[in-house]
Structures are given as structure tokens and as C-alpha cells.
Visitor: 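I am attaching a structure below and will ask some questions about it afterwards.
From a predicted model like this one, the values you see are computed outputs, not experimental measurements. Note that the numbering runs from 1 along the sequence shown for the chain.
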Amino acid sequence: MDNTQSENISLSYLQPSDYKALKAAMIEAYRSMPGSFWAESQIETLITKFPAGQVVIKINDQLAGCALSIIVDDAELEGEHTYKDITTNFTFENHNDSGDMLYGIDVFIKPEFRGLRLGRRLYDYRKELCEKLNLKGIVFGGRIPNYHKYADQMGPKEYLEKVKLKEIYDPVLNFQLANDFHPARIMKNYLEGDSASSEFAVLLEWNNIFYEKPNKEASTNKTIVRLGLIQWQMRLYDNLDELMQQAEYFIDAVSGYRSDFALFPELFNAPLMAEFNHLSEAQAVRGLAKYTDEIVKRFGQLSVSYNINIITGSMPMVKNDKLYNVGYLCKRDGSIESYEKLHISPLEAKVWGMQGGNILKSFDTDCGKIGILICYDVEFPELSRLLANEGMDILFVPFLTDTQNGYSRVRNCAMARAIENECYVAMAGSVGNLPKVHNMDMQYAQSMVITPCDFPFPSNGIKAEATPNNEMTLIADVDISLLRELNQFGSVQNLKDRRTDLFDLRKKTTRKKKS
């Protein structure tokens with residue numbers, strides 16, 4: 001390995017020939033613990049068992065620091081253990097190439113080279129190794145060398161809390177916390193002879209957010225997801241076949257670019273209401289609802305034949321004589337799931353007599369977990385937060401707005417949802433005019449794909465956007481792994497920083513009334 005990082009600093013695998021310099025460096029690094037250095041045979045064992053886990057950092061070819069590690073099973077860490085236990089009496093017999101956790105055996109920097117951030121380089125290497133080997137994370141027992149100064153005043157748990165609050169400085173623990181390690185528990189009698197820590201240690205963990213649990217079954221989950229948004233032109237159609245012919249044209253277009261999703265707007269089938277224009281608005285929309293089952297059936301067939309997940313926007317549906325605004329997720333595996341508009345706009349309620357739905361849920365797809373909120377619903381932040389709590393990565397928002405004011409409300413709220421829930425938002429709307437359909441005479445839209453606002457994403461939070469008020473498709477790729485990185489290392493971490501000690505958000509359980 002040749003990872004030279006500057007003219008005089010290099011990171012390389014530990015070699016048996018390094019032992020003399022390694023021993024001298026350990027003696028200097030552990031002056032408070034005389035005799036704390038590895039025997040040459042132990043170093044040779046580590047190099048033989050796990051060469052990639054043993055690295056040294058050198059300055060001008062002089063050994064400045066070292067990191068030693070083994071791989072263990074996560075199950076071994078469930079109970080209490082000592083340093084002697086985890087190293088199998090310093091023989092490393094428990095190293096397991098098939099294990100799932102990287103256990104840090106040792107890491108040190110010679111005193112003369114401290115302050116150069118060399119320790120961070122060693123930890124960065126460990127993190128990269130962990131990701132490369134697809135391990136769950138890194139764990140080790142961290143010393144608390146300043147604890148002996150406070151042992152007669154407080155227990156190790158209180159000491160840990162004060163270090164976290166910056167009330168007490170501990171050189172080792174402060175460094176670990178600054179490098180994204182979090183305390184799991186206090187361990188007693190961990191390292192024999194560590195009087196500075198009163199033989200206590202803190203079990204520290206770092207979680208690999210890119211870890212994928214091995215799956216013996218074939219898996220098609222993707223990291224890069226391609227979204228196809230349809231900015232639909234409202235125009236008159238003579239019948240359902242003509243409308244579905246246009247819908248298939250767009251599905252064909254976006255699937256031709258290997259899109260994973262096709263998103264249609266809210267009430268995209270409204271042109272068919274022209275057939276019922278001689279009726280009142282409330283009766284006309286119920287007439288339109290008669291087409292819903294057939295449209296869903298055809299979308300289900302198209303999703304399979306074009307190998308694409310179709311989000312059907314929304315359509316009116318009558319159930320138990322009540323009118324709802326519903327949509328369907330037609331997956332390319334042939335399954336179909338429904339979603340409902342929960343918040344009905346004042347105009348929908350007044351003109352059509354529409355009711356709000358009752359079901360809010362996320363959906364598992366071959367591209368991860370998604371959520372779908374219809375238009376006005378995105379203006380209620382609780383809904384998307386509940387979906388984020390279920391693991392949603394992409395929020396789809398089919399919408400229908402007639403004015404720029406209404407569009408701006410949907411867009412601005414969608415942008416807020418992306419930031420606060422650390423997710424992507426894809427919104428698609430309709431454009432054009434329907435002079436022969438009452439209450440649907442004009443539409444305004446600019447479809448777009450929205451991201452959080454942080455360094456891995458566009459600075460304005462817009463991944464891609466359509467031309468306003470033009471019929472077109474919009475295709476954009478989103479990287480799900482960037483959301484994992486944002487969650488752990490973002491400039492702000494909205495999901496992690498929630499004050500759940502002060503507030504809580506949960507769905508209510510609907511209870512049936514007793515008869």
C-alpha cells in the first residue's frame with residue numbers, strides 16, 4: 001500500500017522489520033505504564049492474521065504512530081469483557097475474518113509528534129477499512145487517563161458525562177468523541193495496570209452507515225435511484241384510451257432512460273371530466289371516479305411491461321358513498337398499493353364534497369423506502385416527519401395548483417421537508433388549461449427534484465427543475481448513500497438533533513367504537 005499523503009508523511013502496512021522502531025515508540029507513548037509494549041511474536045501474529053488491520057504512520061521514514069486491530073463477532077461484545085478477554089489472552093485467537101466488527105487493539109502517537117492530527121489519519125484509515133470490508137462498525141475500550149484525578153469525587157459514569165459536557169478535559173476521551181465515536185457503556189477492570197484510569201474504560205463505537213447485512217437471497221436495492229417526473233399537459237381527450245395512450249407515451253419515454261420511478265401529477269385524469277360537464281361539479285367528479293379502477297389496472301400492467309415503478313398521482317374514488325382523493329403505487333414486481341390525501345383543501349371540500357383519508361404509511365420498494373403525500377399534505381410537516389421516522393429516503397409529491405401562489409406554497413413546504421427530514425423530494429404537477437371542465441380551468445406548475453442543503457448537494461437544494469408551464473419530462477439521479485452521510489456528518493443533523501426529551505410525535509391508533 002502506498003498512500004503517501006505529503007512529502008514526509010506516509011501511511012503504510014506494519015511490517016515485521018518495523019518492530020524495533022515500534023517497540024521504542026510504544027515505550028515513549030506509554031511512559032505512565034512501564035513495560036506496556038507488544039512482544040515481537042505478538043506483532044508477527046497480528047500481521048499474519050490480519051495484515052490490513054495493522055498500519056503505521058511515518059514522518060521522514062521515522063515511525064510516529066501505529067494502529068492495531070482485529071475482527072470479531074458483534075455477539076462477543078454483548079456482555080462485559082476485559083482487554084485480556086478480547087485479545088484471547090493476547091494471542092488474538094478470536095480474530096475472525098468472517099466477523100462483523102473491527103476491534104481496535106491499540107492506537108498511539110509518539111509524544112514528539114502529537115498535535116499534528118496524525119491520530120485522526122489512523123482513525124480515518126480504520127473507518128475506510130471498515131467500509132471496504134462491509135463491517136458494522138469499529139469498537140474498542142477507550143482509556144480515561146485523567147479519571148484518577150477525580151476518582152474520589154465521582155464515579156466513572158459521572159466523569160464521562162462531565163467530559164462530554166466539556167466540564168472536564170480527558171485527552172483520550174475528548175479525542176475519540178471528536179472523531180465521531182460514541183460511548184456505549186463503562187467497563188470495569190478492563191486493562192490491568194492502567195492506574196491512571198483506575199482500570200476503567202469506556203466502550204466506544206463508530207457505526208458504519210454504509211454497512212449492508214449479507215443477504216443470501218438476490219437483492220436489487222439500489223444506491224443511485226433515477227427519477228422520472230411527468231409535467232402533464234391538461235388537454236381534452238375523447239375517451240380513456242386516448243388519455244392512457246398519452247400516459248404510456250411518457251412512461252415509455254422515462255423508462256427508456258432506465259428510470260426507476262415515473263411520477264404523475266395529482267388528478268392528472270381530470271380532462272375526462274369534460275364528459276360530465278353538464279352535471280354539477282360534485283356530480284362530475286364522482287363521474288370521473290368511475291374510471292379509477294380501470295386506470296389503476298392499466299397502470300399496473302404498464303409498470304410490469306416497462307419495468308418501472310409508477311406513482312399514479314391521484315384520482316377521485318368513491319368508497320361507502322364518500323368521495324376521496326387517492327393514488328396508487330404500481331410496482332414493477334406487479335404489486336399495487338394505495339395512498340390517500342389526508343388534508344383536503346377548502347376548495348375541494350366546498351366544491352366537490354371531498355373527504356380526507358385516514359391512512360399514512362411509507363412504502364418499501366426495490367429502491368428503498370419512500371413516502372407519498374398529495375399536494376396540500378406536504379404543507380403539514382408532521383406527516384413527512386412520521387414517514388421519516390419510518391426510514392423514508394424519497395418523498396414524492398404529486399400536486400395540482402392553479403396559481404403561482406398555490407404552487408409556491410407547495411414548493412416552499414417541499415423544500416423545508418427535504419431539509420428537516422434529510423430526504424429527497426420529487427414533485428410533479430400539471431400545466432395548461434381545461435376551459436370545458438368546471439373548477440379545473442387553469443393550472444400552474446414547475447416540477448422539480450429537491451435535496452437537503454448541505455455540501456454533498458446543490459447549494460440551493462434543487463437537483464433538477466422543469467421549465468415552468470411547459471409539458472415535459474424531468475429525469476434526475478439521486479444518491480441514497482449521500483443521505484446516510486448527511487445523517488452522520490452533515491453541517492447540521494436535523495434528525496439526530498431533535499429534542500425528543502421535550503416532545504414526541506406518533507400516529508394515533510384508531511379504535512373501533514363499541515356497539
Visitor: Sort and list the pairs that fulfil salt bridge (Lys or Arg N to Asp or Glu O under 4.0 Å) and have at least one residue in residues 297-310, not counting sequence neighbours.
Guide: D241-R298, E294-R298

Visitor: Please say whether more than 12 non-hydrogen atoms of neighbouring residues, nucleotides or ligands are located less than 6.0 Å from NZ in K463.
Guide: no

Visitor: Could I get the full list of salt bridge (charged side-chain N to carboxylate O under 4.0 Å, His left out) partners for D293, not counting sequence neighbours?
Guide: none

Visitor: List the steps and the verdict of salt bridge (charged side-chain N to carboxylate O under 4.0 Å, His left out) for R332 and D260.
Guide: CA-CA 9 Å; R332 50 186 161 197; D260 297 295; 2.9 Å; yes

Visitor: Which pairs pass salt bridge (Lys or Arg N to Asp or Glu O under 4.0 Å) with one or both residues in residues 404-433, sequence neighbours excluded?
Guide: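 Every pair satisfying salt bridge (Lys or Arg N to Asp or Glu O under 4.0 Å) with a residue in residues 404-433: R417-E420.
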
Visitor: So, Q488 versus D180: side-chain donor-acceptor pair below 3.5 Å or not?
Guide: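 No pair is found: no donor N or O on one side chain lies under 3.5 Å from an acceptor on the other.
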
Visitor: In terms of ring plane angle, is the pair F181 and Y123 parallel, tilted or perpendicular, where the classes change at 30° and 60°?
Guide: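 The arrangement is perpendicular - the two ring planes meet at more than 60°.
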
Visitor: Taking ring pair (Phe, Tyr, Trp, His ring centres under 6.0 Å) as the definition, give me every residue that meets it alongside F261, ordered by chain and number, with sequence neighbours left out.
Guide: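 For F261 the ring pair (Phe, Tyr, Trp, His ring centres under 6.0 Å) partners, ignoring immediate neighbours, are F396.
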
Visitor: What distance do M101 atom CE and N208 atom CG have between them, rounded to the nearest 0.5 Å?
Guide: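 Nearest 0.5 Å value for the CE-CG distance: 9.5 Å.
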
Visitor: Once ring pair (Phe, Tyr, Trp, His ring centres under 6.0 Å) is applied, do any residues pair with Y339, and if so which ones, sequence neighbours excluded?
Guide: none

Visitor: Please identify each residue that fulfils salt bridge (charged side-chain N to carboxylate O under 4.0 Å, His left out) with K350, with sequence neighbours left out.
Guide: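 Once residues adjacent in sequence are excluded, K350 has no partner under the salt bridge (charged side-chain N to carboxylate O under 4.0 Å, His left out) criterion.
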
Visitor: Can you pull out every side chain to side chain donor-acceptor pair (under 3.5 Å) where at least one residue sits in residues 384-396? Sequence neighbours excluded, please.
Guide: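 For residues 384-396, and leaving out neighbouring residues, the side chain to side chain donor-acceptor pair (under 3.5 Å) pairs sorted by first residue read S362-E390, S384-N421, R385-N421, N389-R498, E390-K507, D393-R484.
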
Visitor: Sequence neighbours left out, what passes salt bridge (charged side-chain N to carboxylate O under 4.0 Å, His left out) with E248? Give chain and number order.
Guide: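 E248 satisfies salt bridge (charged side-chain N to carboxylate O under 4.0 Å, His left out) with no other residue.
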
Visitor: Are more than 12 heavy atoms from other residues, nucleotides or ligands located less than 6.0 Å from atom CD of E167?
Guide: yes

Visitor: What orientation do H343 and Y376 show, parallel under 30°, tilted 30 to 60°, or perpendicular over 60°?
Guide: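 Because their plane-to-plane angle is over 60°, the rings of H343 and Y376 count as perpendicular.
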
Visitor: Just jot down the ring pair (Phe, Tyr, Trp, His ring centres under 6.0 Å) partners of Y407, sequence neighbours excluded, or say none.
Guide: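 Testing Y407 for ring pair (Phe, Tyr, Trp, His ring centres under 6.0 Å), a comparison that skips the adjacent residues, returns F399, Y444.
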
Visitor: For F268, which residues count as a ring pair (Phe, Tyr, Trp, His ring centres under 6.0 Å) partner, sequence neighbours excluded?
Guide: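 By the ring pair (Phe, Tyr, Trp, His ring centres under 6.0 Å) rule, F268 matches W232, F264, F299.
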
Visitor: Would you mind listing every ring-ring contact (aromatic ring centres under 6.0 Å, His included) that reaches into residues 463-490, with sequence neighbours excluded?
Guide: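 Every pair satisfying ring-ring contact (aromatic ring centres under 6.0 Å, His included) with a residue in residues 463-490: there are none.
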
Visitor: Using salt bridge (charged side-chain N to carboxylate O under 4.0 Å, His left out) as the criterion, list what pairs up with R506, not counting sequence neighbours.
Guide: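 In terms of salt bridge (charged side-chain N to carboxylate O under 4.0 Å, His left out), with neighbours along the sequence ignored, R506 is linked to D504.
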
